[in-house]
Amino acid sequence: MTSAAAAQDLSPASNVLDVTDLSVAFRNVPTVHNVSFEIKRGETVALVGESGSGKSVSALSVLQLLPYPLASHPSGSIVVDGVEMMGADSETLRSIRGSKVSMIFQEPMTSLNPLHRIEKQIGEILLIHRGIPLVDARPRILELLKLVGLQNPEQKMKSYPHELSGGQRQRVMIAMALANEPDLLIADEPTTALDVTIQAQILELLKDLQQRLGMAMLLITHDLGVVRKMADRIYVMTNGEVVERGDCVTVLDTPQHEYTRHLLSAEPKGHPVEIDESAEEILACHDLSVHFPIGKGFSFKRDYFTAVDEVSLSVGRGQTLGIVGESGSGKTTLGLAIMRLISSEGEIVVNNSRLDGLKTNALRPHRRDLQIVFQDPFGSLSPRLSVRQIIEEGLLIHEPQLTEDERRQMVGDLLAEVGLDPSAQERYPHEFSGGQRQRIAIARALILRPKVVLLDEPTSALDMSVQAQMVDLLRDLQHKYALTYVFISHDLKVVRALSNHVLVMKDGQIVESGTGDQIFDDPKTDYTRALIAAAFDFTAKS
């Protein structure tokens with residue numbers, strides 16, 4: 001238990017939050033069943049479980065942020081600092097939200113208003129809750145941005161959300177949550193989409209702020225490494241119920257419930273597919289560079305930012321090349337350049353064919369050899385097309401001679417290969433879970449039997465157990481079809497489980513390369529060592 005929590009009186013009066021027999025239903029369909037938990041002042045409690053377990057719904061219920069009246073509470077009591085939240089009027093809720101209890105949401109880019117500068121968004125909180133006009137609030141806004149460790153806060157407060165990195169946006173979200181010095185901070189997957197080093201910084205920041213401000217924290221996550229590092233007590237949820245509870249060390253070291261043991265074992269494991277070092281070269285890049293113009297307007301002389309700087313690489317048939325690095329390192333830009341989705345300089349050779357310099361029509365026949373799986377399957381799958389229409393799209397372009405029945409059969413066979421029911425062809429993306437949608441995205445990429453598949457953060461938004469399933473699936477498909485993968489990720493545990501060779505990127509350049517064993521067991525650069533330490537620190541503590 002943290003020192004702040006230990007110093008508190010353990011009597012019920014010391015609780016900042018008491019949740020008793022909480023049930024939640026949507027359109028009268030029960031989703032959360034009689035959940036109870038409490039949080040003492042100054043301590044950190046974790047709600048742990050996979051997607052759909054009910055942890056986020058329970059947390060949103062605390063501030064009554066569910067879509068009422070679509071949502072309802074058949075039973076339960078939620079008491080914040082002696083105030084009952086169930087059935088509270090709008091004035092009472094307003095006095096609690098942001099002042100007594102604040103919340104950090106999972107995705108800061110969608111939580112921040114894209115139309116307003118950071119200064120205005122933080123200032124709005126101070127205006128609503130404390131009546132401080134924006135002009136008078138600027139010193140407090142600057143103080144908050146400095147408190148969360150944002151570099152150049154005077155400049156950043158004038159920025160729009162899209163002008164900040166993921167880690168910077170998350171720091172802004174934390175600053176907004178702390179604006180009124182709440183007694184309880186609810187953090188809903190606050191580091192899921194962040195790089196490992198940024199994740200470590202955000203977690204250290206939250207711990208430091210908690211100790212300095214004496215606030216309690218409710219941490220919602222599926223990452224047990226984060227829980228071990230941060231939490232005093234833990235509640236494990238599945239199917240809308242709490243199945244295990246206790247102090248963090250006891251639950252994680254000696255789990256009693258089968259589901260808790262399942263979560264602890266659900267980490268990507270195993271080794272990359274064995275490769276033939278003499279395999280033919282399928283993909284090669286030589287001195288590949290990508291430049292983006294800086295500034296706006298028209299000018300004969302413009303400055304350029306170099307996102308990828310003369311990168312060379314080579315991948316053989318059936319091999320996996322992992323590309324790792326922090327946000328802004330250039331890894332995704334490199335992948336998009338390889339796919340010929342953005343302009344670049346330098347040679348790109350796929351299956352012995354030079355692709356750089358080819359115009360759209362000349363490039364189209366080669367597109368079937370290059371396929372991509374994006375990070376967010378929900379965003380990359382058209383909501384207006386059925387699963388069959390999404391997957392068969394490539395066939396309509398590259399194999400127009402196939403009949404509808406033949407395409408339907410191919411789609412069904414491929415769905416079965418990626419672990420989905422072939423009869424689901426006529427369903428739509430919103431009817432599937434995140435892991436299932438990613439399987440659909442993989443099926444779409446494989447329908448044309450490509451030579452190279454680029455996987456851009458394909459597991460970062462998925463639960464640990466789903467990540468493990470995805471890694472096993474990718475290995476099986478690679479072994480069966482001798483697929484060549486370019487795997488871009490900040491999750492080094494997944495990279496290690498899949499990659500034969502690894503490139504480490506920083507500031508658009510390769511700072512280290514080698515086999516997976518060389519990179520992870522004997523890193524040569526300080527930067528690589530820092531990445532690995534951040535990624536495996538939680539695992540080591542486990």
Side-chain angles (χ1 to χ4, degrees), residues 162-163 165-166 195 280-296 298-317 319-376 379-380 394 397-398 445 448 450-458 483-490 495 499 501-513 527:
H162 73 272
E163 297 177 295
S165 70
D195 295 333
E280 63 175 314
E281 184 180 79
I282 290 295
L283 168 66
C285 298
H286 303 286
D287 297 330
L288 190 65
S289 297
V290 178
H291 307 285
F292 294 115
I294 300 174
K296 302 175 182 178
F298 298 96
S299 175
F300 290 106
K301 184 178 180 180
R302 301 191 68 176
D303 292 327
Y304 287 85
F305 167 70
T306 301
V308 176
D309 189 7
E310 296 186 349
V311 167
S312 298
L313 57 87
S314 174
V315 195
R317 181 184 296 277
Q319 299 178 4
T320 298
L321 174 68
I323 304 177
V324 302
E326 297 174 295
S327 291
S329 63
K331 58 186 187 296
T332 295
T333 303
L334 172 61
L336 295 176
I338 292 171
M339 294 288 111
R340 289 298 315 275
L341 295 177
I342 58 175
S343 299
S344 61
E345 300 172 1
E347 293 184 10
I348 302 172
V349 181
V350 176
N351 200 30
N352 297 318
S353 297
R354 280 280 298 270
L355 301 189
D356 56 284
L358 293 182
K359 302 300 181 183
T360 301
N361 289 337
L363 183 62
R364 184 170 291 122
H366 297 280
R367 287 289 186 196
R368 67 179 303 151
D369 291 335
L370 290 166
Q371 294 294 311
I372 187 168
V373 177
F374 294 97
Q375 176 175 355
D376 178 10
S380 64
I397 296 171
H398 293 281
L448 293 172
K451 299 294 189 299
V452 177
V453 179
L454 175 71
L455 300 144
D456 187 9
E457 302 277 11
L483 293 170
T484 299
Y485 292 147
V486 177
F487 192 87
I488 298 170
S489 182
H490 66 255
V495 171
S499 302
H501 296 86
V502 178
L503 301 181
V504 182
M505 292 192 68
K506 184 177 187 295
D507 299 329
Q509 297 181 325
I510 297 173
V511 297
E512 190 165 354
S513 63
Y527 178 71

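All values derive from a computational prediction rather than experimental measurement.
- Among all heavy-atom pairs drawn from G322 and V495, the shortest one is CA-CG1, 4.4 Å.
- Nearest heavy atom pair, residue I372 against residue A445, reads O-CB, 4.1 Å.
- Atom CG of L455 sits about 11.0 Å away from atom CD1 of I323, to the nearest 0.5 Å.
- Looking only at side-chain heavy atoms (C-beta outward), P458 and F487 come within less than 4.5 Å of each other.
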Would you be so kind as to tabulate the donor-acceptor pairs closer than 3.5 Å made by side chains of residues 306-316, with sequence neighbours excluded?
{"residue": "T306", "atom": "OG1", "partner": "H291", "partner atom": "ND1", "Å": "3.1"}
{"residue": "D309", "atom": "OD2", "partner": "Q509", "partner atom": "NE2", "Å": "2.9"}
{"residue": "S312", "atom": "OG", "partner": "D287", "partner atom": "N", "Å": "3.0"}
{"residue": "S314", "atom": "OG", "partner": "E281", "partner atom": "OE2", "Å": "2.5"}

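- With sequence neighbours excluded, the residues forming a side chain to side chain contact (heavy atoms under 4.5 Å, CB included) with T332 are L336, D456, I488, listed by chain and number.
- Annotation: side chain of E512 is not in contact with side chain of K506 (no heavy-atom distance under 4.5 Å).
- Heavy atoms only, all atoms of each residue included: R367 and M339 are closest at NH1-O, 2.5 Å.
- Counting all heavy atoms, side chain and backbone alike, S344 lies closest to V290 at CB-CG2, 3.9 Å.
- When atom types are taken as modelled, the side chain of K331 and the backbone of E326 share a donor-acceptor pair closer than 3.5 angstrom.
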Atom pairs and distances, side-chain donor-acceptor, residues 354-363, under 3.5 Å, sequence neighbours left out:
{"residue": "R354", "atom": "NE", "partner": "D356", "partner atom": "OD1", "Å": "2.8"}
{"residue": "R354", "atom": "NE", "partner": "D356", "partner atom": "OD2", "Å": "3.4"}
{"residue": "R354", "atom": "NH2", "partner": "D356", "partner atom": "OD2", "Å": "2.7"}
{"residue": "D356", "atom": "OD1", "partner": "I348", "partner atom": "N", "Å": "2.8"}
{"residue": "N361", "atom": "OD1", "partner": "R364", "partner atom": "NH1", "Å": "3.3"}

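- The two residues Q371 and R368 have their closest heavy-atom pair at NE2-CA, 3.8 Å.
- The distance from the CG atom of L321 to the CG atom of L503 is 4.5 Å, given to the nearest 0.5 Å.
- Atom OH of Y527 and atom OG of S329 lie 5.0 Å apart (nearest 0.5 Å).
- For the atom pair L283 CG and N351 CG, the distance stands at 10.5 Å (nearest 0.5 Å).
- Of all heavy-atom pairs between S380 and F374, the closest is CB-CD1, 3.8 Å.
- At a threshold of 4.5 Å between non-hydrogen side-chain atoms, the residues I338 and L288 count as touching.
- Between M505 and L334 there is a side-chain heavy-atom pair separated by less than 4.5 Å.
- Summarising the geometry, atom OG1 belonging to T333 is positioned 11.5 Å from atom CG belonging to L341; distances are rounded to the nearest 0.5 Å.
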